[in-house]
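Have a look at the structure below, then the notes.
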Amino acid sequence: MDERPDLPQDAGGLDRRAELSEFLRTRRARLRPEDVGLAHYGRQRRVPGLRREELAQLAGVSVAYYTRLEQGNGRNVSAEILDSIARALRLTDAEHAHLTHLAKPKHKKKQAVRTQQVRAGLRQLLDAMDEVPAYIVGRRSEVLAWNRMAAAVFGDWSRVPAQERNWARMVFLNPEYRDLYIDWEQKAIDVVCGLRMEAGCYPDDPRLSALVGELSVKSEDFRRLWATHDVKEKSHGVKRLRHPLVGELALHYQSFRLADDADQAMMLYHAEPGSPSAEGLRLLASWGADATRAGTASPHTGG
């Protein structure tokens with residue numbers, strides 16, 4: 001199963017300078033002087049976190065230089081200075097990469113809107129995994145292809161309009177997801193952090209800009225999480241679901257970026273051997289199409 005969602009077009013993309021400015025400001029605001037070894041004498045601070053001059057001192061750059069960068073002017077900034085600022089801000093690897101993408105973008109607009117295609121061999125591989133829920137997710141959190149077990153666990157996406165086969169839309173605009181995901185807040189955070197990472201790589205993508213704009217208008221939760229400017233990459237972990245047919249499922253997931261297309265990732269789920277979750281997956285696999293039809297009729301239709 002493979003169909004590219006026809007997302008709404010927008011005239012432009014995200015404001016890269018504003019993204020850079022807000023990212024640096026929010027990273028600076030979360031640090032306290034004592035976190036980075038600076039003396040704090042108890043006087044009242046008018047701004048949260050470190051002051052610009054304190055951050056500039058830690059990074060070994062002038063206050064004027066850092067101020068220009070935090071105002072969104074990353075033109076001609078060197079990789080060495082970005083490294084120094086990343087160390088001063090105590091950035092994670094994902095945050096460091098995001099800062100670099102914002103300050104020194106490499107992708108062009110024509111690359112940002114290219115059509116996503118899933119190779120026939122990958123679709124055949126998905127279908128061959130009879131007992132493993134698996135799907136391929138692409139740009140902008142779009143679900144591009146999936147197998148029968150993924151439909152049994154998450155809902156039959158073939159019955160969902162193509163433009164709605166998108167994790168961000170499903171999580172924030174489909175209220176039944178709050179029932180499907182036991183820790184819905186963490187799932188929502190993961191989705192937003194992934195979109196933030198992509199915004200750094202593709203600030204000129206009009207489809208991504210349209211998606212962010214739509215979600216910002218329709219979901220207060222999305223606006224709240226988007227405003228944090230948090231980014232992270234998660235390649236593995238555990239998701240706990242409340243499945244309508246087999247009850248609670250604790251599923252371990254692994255994410256694999258495709259070697260020939262880093263914008264696509266295959267997601268695989270499994271349960272601990274001998275666990276109630278493994279028995280739940282076994283039952284779903286044994287029910288076959290009946291499980292998919294039952295799942296489609298349940299509240300978690302569409303994801």
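It should be emphasised that the depicted structure is a prediction, and the values quoted were computed from it without experimental measurement.
Note on R169 versus E214: salt bridge recorded, some NZ/NE/NH1/NH2 to OD/OE distance being below 4.0 Å. With respect to D261 and R119, no salt bridge is recorded, no charged nitrogen being found less than 4.0 Å from a carboxylate O. Salt bridge R240/E248: present, at least one basic N to carboxylate O contact under 4.0 Å. Using a 4.0 Å cut-off between charged side-chain N and carboxylate O, K232 and D93 make no salt bridge. Ion pairing between a basic and an acidic side chain is recognised when a charged N comes within 4.0 Å of a carboxylate O; D190 and K187 show no such pairing.
Aromatic ring orientation, F172 versus W184: perpendicular (interplanar angle above 60°, classes split at 30° and 60°). W167 and F154 have perpendicular rings, their planes meeting at more than 60° on a 0 to 90° scale where under 30° would count as parallel.
With rounding to the nearest 0.5 angstrom, the CG atom of L50 is 10.5 Å from the CZ atom of R32. The distance from the CD atom of Q186 to the CD1 atom of I189 is 5.0 Å, given to the nearest 0.5 Å. The distance from the CD atom of E54 to the CG atom of L31 is 10.5 Å, given to the nearest 0.5 Å. M266 contributes atom CE, which lies 13.0 Å from atom CD of Q254 (distance to the nearest 0.5 angstrom). Atom-to-atom distance recorded for E233:CD and R257:CZ is 6.5 Å, nearest 0.5 angstrom. Atom OH of Y269 and atom CE of M149 lie 12.5 Å apart (nearest 0.5 Å).
Annotation for E185: atom CD counts as buried by contact number, over 12 foreign heavy atoms lying within 6.0 Å. Residue D130 places its CG atom among more than 12 non-hydrogen atoms of other residues, nucleotides or ligands, all under 6.0 Å distant.
Between H229 and E19, some side-chain heavy-atom pair lies under the 4.5 Å cut-off. At least one side-chain heavy atom of W146 sits less than 4.5 Å from a side-chain heavy atom of S158. Residues E164 and N174 fail the side-chain proximity criterion, which asks for heavy atoms closer than 4.5 Å. Within the 4.5 Å cutoff, the side chain of K104 has heavy atoms near those of the V77 side chain. Between R207 and R139, the closest side-chain pair of non-hydrogen atoms is not below 4.5 Å. Contact of the L89 side chain with the L24 side chain is registered, since non-hydrogen atoms from C-beta on lie closer than 4.5 Å. Proximity of R27 to D230: side-chain heavy atoms (C-beta onward) are separated by under 4.5 Å at one or more points. Two residues are said to be in side-chain contact when any heavy atoms from C-beta on lie closer than 4.5 Å; V118 and L126 fail this criterion.
H98 places no side-chain N or O within 3.5 Å of a backbone atom of A94 that could act as its donor or acceptor partner. In this structure, S219 contributes its side chain and L215 its backbone to no donor-acceptor pair below 3.5 Å. A donor-acceptor pair is defined here as one N or O able to donate and one able to accept, closer than 3.5 Å; such a pair exists between the side chain of Q264 and the backbone of Q117. The backbone N or O of E80 lies less than 3.5 Å from a partner atom in the side chain of S84, making a donor-acceptor pair. Proximity of a side-chain donor or acceptor of N147 to a complementary backbone N or O of A134 within less than 3.5 Å is detected.
Closest approach of A250 and S277 over heavy atoms only: N-OG, 2.7 Å. Among all heavy-atom pairs drawn from Y177 and M170, the shortest one is CD1-O, 3.0 Å. Nearest heavy atoms, Q163 versus N166: O-CB, 4.4 Å. Between I85 and L55, the shortest heavy-atom distance links the atoms CG2-CD1, 4.4 Å.
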Which is it for R196 and F23 under the side-chain contact (heavy atoms from CB on, under 4.5 Å) test, yes or no, and what are the steps along the way?
CA-CA 10 Å; R196 271 288 180 199; F23 180 69; over 6 Å; no
Pair H236, H252 - check side-chain contact (heavy atoms from CB on, under 4.5 Å), show working.
CA-CA 7 Å; H236 59 90; H252 297 255; over 6 Å; no
I'd like to know whether V171 forms a side-chain contact (heavy atoms from CB on, under 4.5 Å) with F222, so could you lay out the CA-CA distance, the side-chain angles of the two residues, the decisive distance to 0.1 Å, and finally the verdict.
CA-CA 10 Å; V171 166; F222 180 84; over 6 Å; no
Could you go through I136 and V143, starting from their C-alpha distance and side-chain angles, then the distance that decides it, and tell me whether this counts as side-chain contact (heavy atoms from CB on, under 4.5 Å)?
CA-CA 6 Å; I136 293 175; V143 178; over 6 Å; no
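L251 and L245 fall within a single hydrophobic cluster, where Ile, Leu, Val, Met, Phe, Trp and Tyr are joined by side-chain heavy atoms under 4.5 Å apart, directly or via other members. Cluster annotation: I182 is not connected to V191 through the hydrophobic network of ILVMFWY side chains, with a link wherever side-chain heavy atoms come within less than 4.5 Å. The hydrophobic cluster containing V238 does not contain Y181, counting ILVMFWY residues as joined when their side-chain heavy atoms lie under 4.5 angstrom apart, directly or transitively. Hydrophobic clustering (side-chain heavy atoms under 4.5 Å, transitive across Ile, Leu, Val, Met, Phe, Trp, Tyr) keeps V63 apart from L58.
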